[in-house]
Amino acid sequence: QVQLVESGGGLVQPGGSLRLSCAASRSIFSFYAMGWYRQAPGNERELVARIITAGTSTNYADSVEGRFTASRDNAKNTVYLQMNSLKPDDAAVYYCFAEDFIGRKTKWGQGTQVTVSS
């Protein structure tokens, strides 16, 4: 079974940076897209970023546009989310997903905690 393993979360001060990784157990080209949702206590799950695995398109939530960048390393079967200029509102558990070719989110990472605090 394909699995997604997330890493890179942690504690950072406001204005700092983190890079999340989402590693698949097979080629990321098995999926149409990959990306991240996040969920903070009391909030609805929010789509943060999405990247087309075999293309160039990326999409970002308005709240992170200009600060977060998704990228991929095909040889490592891994996608990354570079998060810069982090704000307290970015604190959440971030869940990586893989999307099939008809738009279903079919695989999920285990989640990684991002905490932004002074």
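Computed from a prediction, not measured in an experiment: that's the story for all the values here.
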Kindly say whether [Y] contributes a backbone atom to a donor-acceptor pair with the side chain of [X] at under 3.5 angstrom?
X	Y	value
T112	G9	yes
T53	F31	yes
T58	I51	no
Q110	E6	yes

Which pair of non-hydrogen atoms, one from [X] and one from [Y], has the smallest distance, and what is that distance?
X	Y	value
F101	S30	CE1-O, 3.5 Å
M34	C96	CE-SG, 4.2 Å
V116	A91	N-CB, 3.9 Å
G111	V93	CA-CG1, 3.9 Å
G8	L18	O-CD2, 3.8 Å
L81	W36	N-CH2, 3.5 Å

Side chains of [X] and [Y], heavy atoms from C-beta outward: is any pair under 4.5 Å?
X	Y	answer
S117	P88	no
S17	Q82	yes
F29	N74	yes
W108	L4	no
Y94	V48	yes

Same cluster (ILVMFWY, side-chain, under 4.5 Å), L86 and Y95: no

Same cluster (ILVMFWY, side-chain, under 4.5 Å), Y32 and V79: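 Not linked; separate clusters.
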
Atom OH of Y80 with >12 non-hydrogen neighbours under 6.0 angstrom: yes

Pairing residues for F68 by the ring pair (Phe, Tyr, Trp, His ring centres under 6.0 Å) criterion, not counting sequence neighbours: none

All pairs passing salt bridge (Lys or Arg N to Asp or Glu O under 4.0 Å) where residues 57-86 contributes a residue, at least two apart: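 For residues 57-86, and leaving out neighbouring residues, the salt bridge (Lys or Arg N to Asp or Glu O under 4.0 Å) pairs sorted by first residue read R67-D90.
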
Separation between CG of N77 and OG of S25, rounded to the nearest 0.5 Å: 8.0 Å

Proximity of F97 and Y37 rings by center, below 6.0 Å: yes

Pairs where residues 41-52 contributes a residue and the test side chain to side chain donor-acceptor pair (under 3.5 Å) is met, not counting sequence neighbours: R38-E46, E46-S63, R50-E99

